[in-house]
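Below you'll find the structure, written out as structure tokens, and then a few comments.
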Amino acid sequence: MAADRRIVIENCSIATVDADDTEYTSGHLVLAGDRIESLGAGKAPEGLENVVRRIDATGHLVTPGLVNTHHHFYQWITRGLATDHNLFDWLVALYPTWARIDERMTYAAAQGSLGMMARGGVTTAMDHHYVFPKGSGDLSGSIIRAARETGVRFTLARGSMDRSEKDGGLPPDFAVETLEGALAATEATVDEHHDASFGAMTQVAVAPCSPFSVSTELMRQGAELARRKGVRLHTHGSETVEEEQFCKELFGMGPTDYFESTGWLGDDVWMAHCVHMNDSDIAAFARTKTGVAHCPSSNARLAAGIARVPDMLAAGVPVGLGVDGTASNESGELHTELRNALLINRLGAHREAALNARQALRLGTYGGAQVLGRAPEIGSLEPGKLADLVLWKLDTLAHASIADPVTALVLGAAAPVTASFVNGEQIVENGRLLHVDEDAIARSTRDEARRLARIAAQA
Ligand SMILES: Nc1nc2[nH]c(O)nc2c(=O)[nH]1
């Protein structure tokens, strides 16, 4: 949209998620080009020029677009398998299938994962992709293409594994890359796809998978590579008691100390899960501003435990929310994670207000932007920020009797998305994706899931 073309949204509740948690019961927003030009209480100012569209958003809450901070898109075509396993057993059951993915499968799975999230209010997504079978094609390119087509802002965390069974790791030997191959391919992906500019639609992070699937050398050199290139670092950390035991046996220390010893704490790092953290681990994350991708549904599905999010927030740790891969969170939705984060953390802390609705919304918006390093641009509704926002319909049977819109959004049923914008461009209307064919994606994900199951069964 040209910079002088304006969209006016009026008559809505607004939760800005700015530093003061400013909210308007009945307000307006003016979008100009790709930015939020102004917002406030009451009607938009009279006499605005070049208004190309006026949206009467009566009955809606407008929030910043949701930001997903941890996912594995390829798992969209292996949902519903190994349903009663803990993390290590689940991984061992699924690695042989995952090691057979190819470019067509990865593209379809990325379309499915992105489509499901975008329909539910996600405007910024990430994919931690760490399985690169030999001869499987341009997997990273196919994932980035799917993100561009869907219209969401995107971070590809180029993952890798090089510690297989023969080196004491968990993955089978045929599922991993070499140290040199993983580093070279990661660097090439950064060079080809990373955009460091304000408002970038595609960024790349360096993302070796986890302590039990990655050599210490790949952790160290991966961190050096990321810092040389000025990109962020991502990995799984402290997810289960088994991982903690693994680290103590192999490295003689717990996961957080191991990460610190390999250069993996810092304000350019975010880690998924962080369930098994003691006080000194949380203090180390807070001191270094290392971010956390909290994935409550996946942690429950894999019986991993409950991350100490209220303690992390109190200590000043940046925390966002993650769907996680859909082989461990079949719903694939982020808006339900707002509710699950609130409920699960109250259970974990045994405290009624351990996390409230506004904190949950902040985790899914500004917190996510912080951990992805995008907080100057997105995550809150403020003049000058990019126009990434969602109109949630709260005036139907599901929500109309709840007076407070943020409570309705977080604690109520999953709210319908009337419209969702990225850079001021609409990508969702009435819960349907505008730029891609949802029904065609449903068919191709079904077909690719079946093809993968067939190939894996024959291997
Ligand atoms: N929840 C998940 N944890 C993981 N650890 C690891 O090494 N891979 C995974 C994964 O796919 N999901």
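Indexing begins at 1, ligand by ligand and atom by atom, following the structure's order.
- Asn329 and Ser298 share no donor-acceptor pair across their side chains, judged by distance under 3.5 Å alone.
- Between Glu239 and ligand 1, a contact under 3.5 Å exists for at least one N or O pair.
- Where the criterion is an N or O separation shorter than 3.5 Å, residue side chain and backbone included, Ser210 meets it with respect to ligand 1.
- With hydrogens and angles disregarded, a donor-acceptor distance shorter than 3.5 Å links the side chain of Asp195 to the backbone of Ser197.
- Listed by number with element, the atoms of ligand 1 under 4.0 angstrom from any heavy atom of Phe212 are 5 (N), 6 (C), 7 (O).
- Considering both main-chain and side-chain atoms, Tyr95 never comes within under 3.5 Å of ligand 1 through any nitrogen or oxygen pair.
- Residue contact annotation: Cys209 has a non-hydrogen atom under 4.0 Å from ligand 1.
- Residue contacts with ligand 1, taken as heavy atom pairs separated by less than 4.0 Å, do not involve Phe88 at all.
- The closest approach between any non-hydrogen atom of His273 and ligand 1 is below 4.0 Å.
- For atom 10 (C) of ligand 1, the closest heavy atom belonging to the protein is Tyr130 OH, 3.4 Å.
- When each of Gln75, Arg301, Arg79 is tested with Glu330 by the rule side chain to side chain donor-acceptor pair (under 3.5 Å), just one qualifies, namely Arg301.
- Taking every heavy atom of Leu87 and a limit of under 4.0 angstrom, the matching atoms of ligand 1 come to 2 (C), 3 (N), 4 (C).
- Counting heavy atoms closer than 4.0 Å to ligand 1, residue Leu170 contributes nothing at all.
- Under a 4.0 Å criterion applied to the non-hydrogen atoms of Leu91, ligand 1 contributes the atoms 6 (C), 8 (N), 9 (C).
- Minimum heavy-atom separation, Ser142 to Tyr107: O-CD1, 3.4 Å.
- Considering backbone and side-chain atoms together, Asp324 places an N or O closer than 3.5 Å to an N or O of ligand 1.
- Among His70, Glu243, Met161, His236, the residue whose heavy atom sits closest to atom 5 (N) of ligand 1 is His236.
- Glu337 and Ser297 are linked by a side-chain donor-acceptor pair at a separation below 3.5 angstrom, with hydrogens and angles left out of the test.
- Shown here for Val319 and Leu363, the closest heavy-atom pair between the two residues is O-CD2, 3.5 Å.
- For Trp98, no nitrogen or oxygen atom sits less than 3.5 Å from a nitrogen or oxygen atom of ligand 1, counting backbone and side chain alike.
- Salt-bridge formation is not detected for the pair Arg104/Asp447: no Lys NZ or Arg NE/NH1/NH2 atom is positioned less than 4.0 Å from an Asp or Glu carboxylate oxygen.
- The closest side-chain donor-acceptor pair between His193 and Ser140, if any, does not fall under 3.5 angstrom.
- Among all heavy-atom pairs drawn from Phe73 and Ala125, the shortest one is CZ-CB, 4.3 Å.
- Among all heavy-atom pairs drawn from His194 and Gly230, the shortest one is NE2-O, 4.4 Å.
- Every atom of ligand 1 is numbered from 1 in the order shown, and the set under 4.0 Å from a heavy atom of His72 is 10 (C), 11 (O), 12 (N).
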